[in-house]
Each structure stands twice: as structure tokens, then as C-alpha cells.
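Computed from heavy atoms alone, side chains included, the values below leave out hydrogens, waters and symmetry copies. Order of the sequence lines fixes the chain letters, A, B, ..., with proteins taken first and strands second; residue numbering starts at 1 for each chain.
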There are 2 protein chains.
Amino acid sequence: MKKRLTLKLIAKELDVSISTVSKALRDSAEISEDTRQKIKAFAKLYNYKPNNIALSLKNRKSKTIGVIIPEIVHHYFTTVISGIEQVANEKGYHVIICTSNNSFDKEVINMEILANGSTDGFILSVAKETQQKGDYHHLTEVIEQGMPLVMFDRVIEEINCDKVIIDDTLGAKKAVQHLVNLGCKKIGLISTIDYVSVGKLRTQGYLEALSENNLELNESLILKVDDFDQSEEEISRFLSDKSMDAVFAVNEHFAIYAIKAFKEQGLDVPKDVSVIAFTDGELSKRFIPSLTTINQHGEEMGAQAARLLIKKLENDDSEDEPFETIIIETGLVERNSTKR
Amino acid sequence: MKKRLTLKLIAKELDVSISTVSKALRDSAEISEDTRQKIKAFAKLYNYKPNNIALSLKNRKSKTIGVIIPEIVHHYFTTVISGIEQVANEKGYHVIICTSNNSFDKEVINMEILANGSTDGFILSVAKETQQKGDYHHLTEVIEQGMPLVMFDRVIEEINCDKVIIDDTLGAKKAVQHLVNLGCKKIGLISTIDYVSVGKLRTQGYLEALSENNLELNESLILKVDDFDQSEEEISRFLSDKSMDAVFAVNEHFAIYAIKAFKEQGLDVPKDVSVIAFTDGELSKRFIPSLTTINQHGEEMGAQAARLLIKKLENDDSEDEPFETIIIETGLVERNSTKR
DNA sequence: TGTCAACACGAAAACGTTTTCGTGGTGGTC
DNA sequence: GACCACCACGAAAACGTTTTCGTGTTGACA
């Protein structure tokens, strides 16, 4: 096992001081051409690489970004990460990813650990549990310590920081409007219970679209799924005997369960009924029929979040700069689950 | 912006030495009950947390595991990560994830960066490009420096380290055997070109299963997809006029394209033809018909990899310990794309 | 020959810890 | 009162860097 080469070892080997080695490697003018060449050659030969930990300690910055997401086994989040990574790497940062598993405690612990020097700033989508609890002390603490924080997707309004969101309400409106444009009149909604902010916002978009088109609101056409694991049965029950001509689902899974349920009822999608979903993932593309969706542009979101964070990190007097909220535009992806 | 509290600040504030503070906080017997209480109270009040970077530098270990995967937007890898995280967190480690995007250069760079102190060891699935190139210097270097390395999924035989794999050959055999048991005689294979090791191994399993069942090998029933982006058309072309009664695809996507192609030919899956896939993901579960698959148990794989790595990390004379290769058992998940 | 600038390098502090060793003071014992 | 042990704490080194400042040597110039 080869020992890792350090400045000290090089210095001893070449019989100069540590400072000289350091300076030579950084091309300081203080060092004569001769010694510099000699030291650089030696370092290259034995493949010297500076120790990042020592650098972090010295510079008081780690050049890494901490990302905390509710779960990693989730296509949308991975696209966001992908976007973060691209921008971060471009600018010489790297990325630590931790998952909270939607647990408040794990979110807190992860943030504390990463905040103790490992990370210069955070990009975060809060855990469901955190949203329910309404306890944000870990976020405010981090901010007070001067660590920039960027929230994305599931953000918390009360917290003062940069944010990247999509306009869930508008996106939902677009979806419903699309259905209306296709001639649908009796449009159902499959959403989640309201403490999940996206569920709430998308529901709102649905309502707005209805009222803007002078369509009557019918509460019995709205389902708020509580338990994800039970959602398939819940949806199937909900859809029976409602004679809708369209359904807007706040995610792919609900949409697919809806299509299954319709099929079982002997209805054809999209001939008899149109289905549109929020969230554009692998499933939407490959399903038969492929799903018409509202695309959230995860990569773009991650990229913007990373840009915001790095901007704060590299700006010394960022203290005074106001916080930004970037809104990512959603897009309608037309496929085969809605009629033409 | 509150300054982060350090031992030095506490020491100054309480008018004792740094050493005293450190010892008090670590419950050293050297410190009198009185002072200890005082210091601990102060630290707690102002929420002191030791700086991880300084600890890493001091202890020469970071208590973090570096994970490098080809791509994160890939369900299977996220399940592996999930498994790694669980075990790692249990044992007090955290996890840095980097993606190579299947690029050799990015893999090398990421390893070098993480190896410079950020990480105590690696869990890695190599990039496609690395497999093609056959250049493994970055791996051997890391190993020579005494950093434990565990490879999973896409492993490289020549490299001497712990490994966690699934028995691709056996898994493929299981799949084909299942088809044979269902009475299928003319079984097609949709695989990838051979430098992707899993493609090769699964092809081998297919061949073995055929010969064990005394089924004749028909080269025209084997497709080796080269370009992922073109795979849909390639598969559709391949499947026309072959009159197979079953297909084994080495991943979900190929299986789904196959099903689509069959549908377009007016064939019903599973009535007219059975389809079975390697890799059990979201798609398999939700697709209609849902896919019969060979499950790779990603979480289990990640968990085992993490256990192996941590074992090496915590064992001082691990140098002498032989390397292990753990084989994760694949499982057959029977769903609706194969007849009963 | 004495002065001074330029040059090339080294010593040391700093980042925040932990740990070894040393030391001043107290109390007890003979 | 002298000696010793023990207690409670501090100084300093170490981890691997970077950087400021100091310093010895050289050469030019008057």
C-alpha cells in the first residue's frame, strides 16, 4: 500500500521546505525556474494530488453542494439531480446527495451533518413529514449560519431563501384547458390530500380552469387520495358510474390506475374518455396508450437551482442581495391518452 | 450571520484552554465535574457541533462512502443507492453519489476528486466506456492507496476487489426455463452487443437454457441491439415474420418495444406470445400487460456492497483478508406477459 | 568597501480538532 | 516541615494545506 504523497514528503525528499513545494506547485514567482521545474516534475512523476480535506479546512469552503431530497427512487428527482450535477460540475463543484425518506428526523440529521463543514450550501426539497409538522428550525439555523439554501419543488413559503418551483397551478390549468379545448365537459380530478402542497396547488389550477370556462364545479368528480398504497382501489371505486369524459391526474401513477379502471369498465382511452397527467416520466412515454402530460422539466429545475446557489456562494456580499424565486415553465406533451 | 462556534471560541468565552473544552465535551475523566458541566451547558446552549472537516483531517478518515454509478436517472441504480444508504447510515457513514454518465473521463475525474480525502472507500459500477476501453488505472491506483473498493453490477474481473453481482447467466436461464416450462419452443432473444458484460452473460444464459432443454439454437432468433435510440425500430423489424412463441428481453424497455411490435402485428401478449424481461422496475409493474420479470434485487445488492465496504473499512488488517464476491439471487416475478 | 535592492527560500501561523505530555497546586503522610 | 501523589488543567504537536513575513545571499552601484 503506497502512502499518499503530501507536501511534507515531497519537501523532505527534495530537501526544500514545505512552503517552497507549495509555492512551486502553484507557480509562484517567488520560486526560481530551476526548483520549480524540479518540484513539478517530481510531483507529476509520483502523481501528487492535494488533499481536499486539508484544503477545505484551510479555505473554509468545500466546493461541494449538499442536495437533500425526499426519495431517490423517483424518476423526477433523479432528473433534477442530473441537472444540478451538470451545472455544479461545470463550475467546479461537486454534489453530495442525501435522502430524507420523507422523514423529518432524517432530514434534520442529514442537514446537520452536512452543515458541519462538508458542504457550502444546500439544495433541498422538503420531506412530506416536515411539511406536515411545520417545524423548520433546521432550515432557519442553516440560513443563520450564512449557508445559502435553495429550495425546489416542495418549497416552504415562510422560509426566506432562493426558490425554484414550477407553477403548479398554471400547469394544472393548462392540462384542464387542454381537455376543455378537446371538447370535454365533465372533467374529473384525481389529486392528493391538501397538506402536500403540490396537490393543493394543482387542485386550485383545476378549479380555476373550470371556472374560467364556465364549467360547473362538481365535488363528486374530485378525489383526494390519502394512502398511496390503496390508491389503485380508491381510484377504481371513484371512477365507477361517474360518466366523465376526461380525467386530470396529478401524477403518472394515478393516471395509469385511472386508465386501467376505465378499461375494466369497458371504456376506451382516448376514444371514450381522455386522461391527462401531471409529471412526465418513463411511464408516460412507454405506457400504452402513451400519456399526454404536463412536463415539469426536472433537469432545468435542477440546473436553475444549482445556478442560484452557486451565484450566492461566489458572491461575497450576497447577504444584501434579495432572494429570487424562479418559476420553471411547464409544457404540454401531447400523446395518445387524449383524443385529437 | 452567526459565526459557527468552535472549541477555541468556547475556550475564550469560558476562560479555559482549548484542550479542556475538548476533553470536557468528550467526557474525559481528567476534567473536574464542575468545569465539565459548565462547558457542556455552554456548548449545548449555543448549539456547538464539531467541524467534520477538521475531524476528517485529524482522524484521516471521513466516514463517508463514495458511490459512482453510470447514471442516476435509472430506476435500478436508485434502488441500489437506497440499499447502500440504509446500511451506511445505520453504521454512521454517509454517502456521496457521483455519476459518470457512462463517460470514462468523468469516472476517472470523480474518483480522483473523491479519493483525495473526501471518501474512505468506493462503491462503483463502471461506465460503459470504461468497459470498452479496458483502461482501469484509476481503479488500481485507488486500491494501491489502500482505499477499499467494492464493485457491483457491472464488475471487472481483472480487478482484485470485493464484488457484488447477480448471476446474470443463471437469471437468464431461469427466465428462459420459465418460458420452456410454459411450453414455448421458439424463443427469441433481445440482447445488447457483447461488450456490455450483462448483455453477454444473459445471452449465455439463454444459450445454456436452450441446450439444456435440447432446443435447437437458431441465430436468426437473436437480436443484439447496438444503438439504444434506434432500438424500437430495430426490434420491430426483428420481430416481423419470425413466428416466435416467446421472447426473452434483457431489459424492460426492449420487452415493452417487443410487446408493442407484437400488438401491431395483431398478436396478443400473452395469449399468442409470451414475453419475459430481465430487470424489474416501475415500468414492469404498471405496464399493461404487467411484465413477468427477473428481479435483480437492487436494494439487497446495495446493502451487501455497503456491508462489504464497511467491513473492510473497520478492519485494520483487512490487507490480508481475501476478497469476496457475493452473488445476489435473482427471482422470478410472475405477472401477465407470460401465459399461465 | 559599504549600501541597497532583488531574489530565493524558510519559518510560522492559521483552519478546528484530538491527544500526549508536562506542570502547578493541593492535600496527606511521616 | 519535607516529600510525594494526585488532581485539574494547559501547552503543543499533529493532520495537510496556503500565505504572510522574515532573512540570508547575491550582485550592482557609488
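Sorted by first and then second residue, the ring-ring contact (aromatic ring centres under 6.0 Å, His included) pairs with a member in residues 8-67 of chain B read B:Phe42-B:Tyr46; sequence neighbours excluded. Pairs engaging residues 297-316 of chain A under the ring-ring contact (aromatic ring centres under 6.0 Å, His included) rule: none recorded [sequence neighbours left out].
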Return a table of donor-acceptor pairs under 3.5 angstrom between the side chains of residues 72-84 of chain A and protein atoms on other chains or two or more places apart.
| from | atom 1 | to | atom 2 | distance (Å) |
| --- | --- | --- | --- | --- |
| A:His74 | ND1 | A:Tyr76 | N | 3.4 |
| A:Thr78 | OG1 | A:His75 | O | 2.6 |
| A:Thr79 | OG1 | A:Tyr76 | O | 2.5 |

Result block: side-chain N/O donor-acceptor pairs under 3.5 angstrom for residues 25-32 of chain B, not counting sequence neighbours:
| from | atom 1 | to | atom 2 | distance (Å) |
| --- | --- | --- | --- | --- |
| B:Asp27 | OD1 | B:Lys40 | NZ | 2.9 |
| B:Asp27 | OD2 | B:Lys40 | NZ | 3.1 |
| B:Ser28 | OG | B:Glu30 | N | 3.0 |
| B:Glu30 | OE1 | B:Lys23 | NZ | 3.2 |
| B:Ser32 | OG | B:Thr35 | N | 3.4 |
| B:Ser32 | OG | B:Thr35 | OG1 | 2.4 |

Just list the side-chain donor-acceptor pairs under 3.5 Å for residues 107-119 of chain B, sequence neighbours left out, or say none.
| from | atom 1 | to | atom 2 | distance (Å) |
| --- | --- | --- | --- | --- |
| B:Glu107 | OE1 | B:Ala127 | N | 2.7 |
| B:Glu107 | OE1 | B:Thr130 | OG1 | 3.4 |
| B:Glu107 | OE2 | B:Thr130 | OG1 | 3.1 |
| B:Glu107 | OE2 | B:His138 | NE2 | 2.8 |
| B:Asn110 | ND2 | B:Thr99 | O | 3.0 |
| B:Asn110 | ND2 | B:Lys106 | O | 3.3 |
| B:Asn116 | OD1 | A:Arg4 | NH2 | 2.3 |
| B:Asn116 | ND2 | B:Glu112 | O | 3.0 |

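For DNA chain C, the neighbouring residues in residues 27-44 of chain B, judged by any heavy atom under 4.0 Å, are B:Glu30. Residues from residues 15-25 of chain B placing a heavy atom under 4.0 Å of any atom in DNA chain D, listed by number, are B:Val16, B:Ser17, B:Ser19, B:Thr20, B:Lys23.
Applying the side chain to side chain donor-acceptor pair (under 3.5 Å) test to B:Ser19 and every residue at least two apart in sequence or in another chain returns B:Ser17. The side-chain contact (heavy atoms from CB on, under 4.5 Å) check on A:Glu157 picks up nothing, with sequence neighbours excluded. Under the salt bridge (charged side-chain N to carboxylate O under 4.0 Å, His left out) criterion, A:Asp153 pairs with no residue, sequence neighbours left out. Scanning for side chain to side chain donor-acceptor pair (under 3.5 Å) contacts around A:Gln131 gives A:Ser197, with sequence neighbours left out.
When DNA chain C is scanned in the 5' to 3' direction for atoms under 4.0 Å from non-hydrogen atoms of chain A, the outermost contacting nucleotides are C:dA8 to C:dG16.
Residues A:Ile156 and A:Tyr136 approach most closely at CD1-CE2, 3.1 Å, considering heavy atoms.
Among the heavy atoms of the strands lying under 4.0 Å from A:Leu55 are primed sugar atoms or P, OP1, OP2 only; no base atom is included.
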